[in-house]
Number of protein chains: 2
Amino acid sequence: MTFTTLSTAQETGIADVAPGQSRYGWLASTLRGHITRGEWVPGSAILAETQLAKAHSVALGTMRQAIAVLVAEGLLERVHGRGTFVSSGIGGASLFRFFRFGSTTTGAAADALPGEVPKSRIIEKRIVKATPVVASALNLAPRCNALALTRVRTLIDKPCLVERIWLPLPTFDALSALNKSQWDDLLYPMYQRLCGVTVHKADDNVTFCLATADVSRALQLRANAPCARVERRAFDMAGRCVELRHSFGDALSFHYTAHLR
Amino acid sequence: MTFTTLSTAQETGIADVAPGQSRYGWLASTLRGHITRGEWVPGSAILAETQLAKAHSVALGTMRQAIAVLVAEGLLERVHGRGTFVSSGIGGASLFRFFRFGSTTTGAAADALPGEVPKSRIIEKRIVKATPVVASALNLAPRCNALALTRVRTLIDKPCLVERIWLPLPTFDALSALNKSQWDDLLYPMYQRLCGVTVHKADDNVTFCLATADVSRALQLRANAPCARVERRAFDMAGRCVELRHSFGDALSFHYTAHLR
DNA sequence: TAATTATAGACCTCTAGAGGACTATACTGC
DNA sequence: GCAGTATAGTCCTCTAGAGGTCTATAATTA
């Protein structure tokens, strides 16, 4: 029996490990709980491995193995000589780097992110009954409520992107109370601050289409103009989908950058 | 000095490790060499960790760490109680998942990768003097030689993608000797097998443009058809850029999927 | 004041070994 | 012949510790 053998032969006097699970796996779960419950603030350092090991009465190597699990999951980041930090996710400006816009004459002008930060404006905010597609993406029961946002992002006062965003309720209740002037240019930090949701992972799907009437109006394009479309599903640290987003931009000035692996 | 301290304080009597590299990193390179040179046959078991550790005069833990590196790279697979095996499908299809093509009616049909594997055909292979753009991407001195490939990928006998690929010489000399029938459908496994280059990371940049005459001919599109363009830079494990690739596809049937983080 | 040199504290590498878990195979008893 | 039992060989978990590298900061020196 896994349970008894573990707790007799390799037990050092602390609480038993769940049956069928290794001690480092159990430690990883414990630490993960601190993070997902928000007790350990993203960006802050956690205790040193030696102290954690001592606090949990395990060998250093075992604690290192537990931490390695969470590093692999992207929840923790280790920095040699400085410490181990709770991952701040892909929130904030780091996510913006995936969207770059400019004239089609960019060419070689490679990686230097220009100082231009896109401005955002919420032009519509509604509570809607989730359509089947939205409900399935956000794992909502059919006809549950979702918060639907429409948002225009501008670069140097020129609209470059229009986005339709669906967020599950009641998780995002805090946002449904805001009026239009209370929105920041970046949403993910707001999710974190106001709703306790940390965006941790996202899947993007880029396709090409022709602008609908709504889109062409918002982007000041002619009807049926060629259009780039990004469908994004964003996930929190527990792997739940917390945002569905459809973004549209003028195809001819569209840039999408991804770093694979 | 990293080198001397390592070899005095922790040396056990075997050959010195390269400066600036850990012993397990050096062991990983050694094992990787056996695999990429084909000396260890895909699917077969390698020596037991205990034997490998003894053969290389290192502690078991160190050898396990080296093996873990190759497992993470996908070159080895461990099976509890049976042994450690050389991975049979390295590189390959896993990279293809970043390109998916279909009719624009895909919609919700999400993640199930269909059995359709794209066929590839090299339609041109030349040794060229690197243009400034290519030389800077591949870190070549100006006017050095590069291998330029033009390649058409087809899905169900329909051309869906045309690619222009530049590879630095002499790293890829082994490929410049091949004739057009000797190319596989997937290039990255060939880089690994024939040139010892493991693609480890890639940056993609997606834009939209109008098809040039060459592209529209290869893809059987009308002149100036809207066209998706992916510029990829692929990097090896040391972070050197080893491939510059421009891919073009019909915008209307283009899908690009990225998993962020 | 500015540059250099300790120093503390963090993560990283490596060692040596004991015992557990899992798999496949050879052996034994019926 | 077949089922159950040893057994050997493999990877997995965990321990306990020494010494190294890296970063930031405090103390020292020019």
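Below, chains carry the letters A, B, ... as their sequence lines are ordered, and counting in each starts from 1. Because only heavy atoms are used, hydrogens play no part in the values below, and waters and symmetry mates are left out as well, while side chains stay in.
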### Message
Checking Asp204(B) against Tyr256(A): is there a side-chain donor and acceptor pair closer than 3.5 Å?
### Response
no
### Query
Looking at dT13(D), dA10(C), dC11(D), which one has an atom nearest to any side-chain atom of Gln51(A)?
dA10(C)
### Query
Can you name the side-chain contact (heavy atoms from CB on, under 4.5 Å) partners of Asp184(A), sequence neighbours left out?
Met190(A), Arg193(A)
### Query
Of all the nucleotides listed (dC11(D), dC14(D), dC11(C)), which has the minimum atom distance to the side chain of Ser22(A)?
dC14(D)
### Summary
Hits for salt bridge (charged side-chain N to carboxylate O under 4.0 Å, His left out) against Arg240(A), two or more places apart or cross-chain, chain-then-number order -> Asp236(A)
### Task
Please state how far atom CD1 in Ile46(B) lies from atom P in dG9(D), giving the value in whole angstrom units.
18 Å
### Message
Heavy atoms from C-beta onward define the side chain here; which of dA24(D), dT15(D), dT13(D) lies closest to that of Gln65(A)?
### Response
dT13(D)
### Query
Looking at dT15(C), dT15(D), dC12(D), which one has an atom nearest to any side-chain atom of Thr62(B)?
dT15(C)
### Query
Distance check: side-chain N/O of Gln21(A) vs OP1/OP2 of dT13(D), anything under 4.0 Å?
no
### Task
Take the protein atom CZ of Phe85(A) and the nucleotide atom P of dA10(C), then report the distance between them rounded to whole Å.
11 Å
#### Entry: From dT13(C), dT15(C), dC11(C), nucleotide with atom closest to Val58(B) side chain
dT15(C)
### Query
Looking only at side chains, do Arg23(A) and Thr62(A) share a donor and an acceptor under 3.5 Å apart?
no
### Task
Rounded off to whole Å, could you give me the CD-to-P distance for the Glu49(A) and dT21(D) pair?
17 Å
### Task
Convert the base pairs of DNA chain D into dot-bracket notation, remembering that pairs crossing earlier ones are written with [ ] and that bases paired across to another strand are shown as |; include only Watson-Crick or G-U pairs under 3.5 Å.
||||||||||||||||||||||||||||||
### Query
Please give, in whole Å, the distance from dC12(D) P to Leu52(B) CG?
13 Å
### Query
More 5' along DNA chain D: Thr84(B) or His80(A), using each one's nearest nucleotide?
Thr84(B)
### Summary
With sequence neighbours left out, the residues meeting ring-ring contact (aromatic ring centres under 6.0 Å, His included) with Phe172(A) are Tyr191(A)
Distance-only check: which donor-acceptor pairs under 3.5 Å involve side-chain atoms of residues 45-53 of chain A, not counting sequence neighbours?
{"residue": "Glu49(A)", "atom": "OE1", "partner": "Arg64(A)", "partner atom": "NH1", "Å": "2.7"}
{"residue": "Glu49(A)", "atom": "OE1", "partner": "Arg78(A)", "partner atom": "NH2", "Å": "2.3"}
{"residue": "Glu49(A)", "atom": "OE2", "partner": "Arg64(A)", "partner atom": "NH1", "Å": "3.3"}

### Summary
Among the nucleotides dC11(C), dA24(D), dC22(C), whichever has the atom closest to the side chain of Arg82(A) is dA24(D)
### Task
With sequence neighbours left out, write down each residue that passes side-chain hydrogen bond (donor to acceptor under 3.5 Å, both in side chains) with His80(B), or none if nothing qualifies.
none
### Query
Can you check the His56(B) NE2 to dT15(C) P distance for me, whole Å?
13 Å
#### Entry: Exercise: identify the closest heavy-atom pair between Leu194(A) and Ala174(A)
O-CB, 3.5 Å
### Message
Let me spell it out: for each of Gly81(A) and Tyr24(A), pick the nucleotide of DNA chain D with the closest heavy atom. Which residue's pick is nearer the 5' end?
### Response
Tyr24(A)
### Query
Taking the side chain of Arg23(B) as its heavy atoms from C-beta onward, which of dC11(C), dT15(C), dA16(D) lies nearest to it?
dT15(C)
### Query
Separation of Met63(B) atom CE from dA16(C) atom C1', in whole Å?
15 Å
### Task
Quickly work out the Leu60(B) CG to dA18(C) C1' distance and round it to whole Å.
12 Å
## Note on the structure
Looking only at dC11(C), dC11(D), dA10(C), the nucleotide nearest the Arg78(A) side chain is dC11(C)
### Message
Output the rounded distance in Å from NZ (Lys54(B)) to P (dT15(C)).
### Response
14 Å
### Query
Among dA21(C), dC14(C), dT13(D), which is the nearest nucleotide to the side chain of Arg64(B)?
dT13(D)
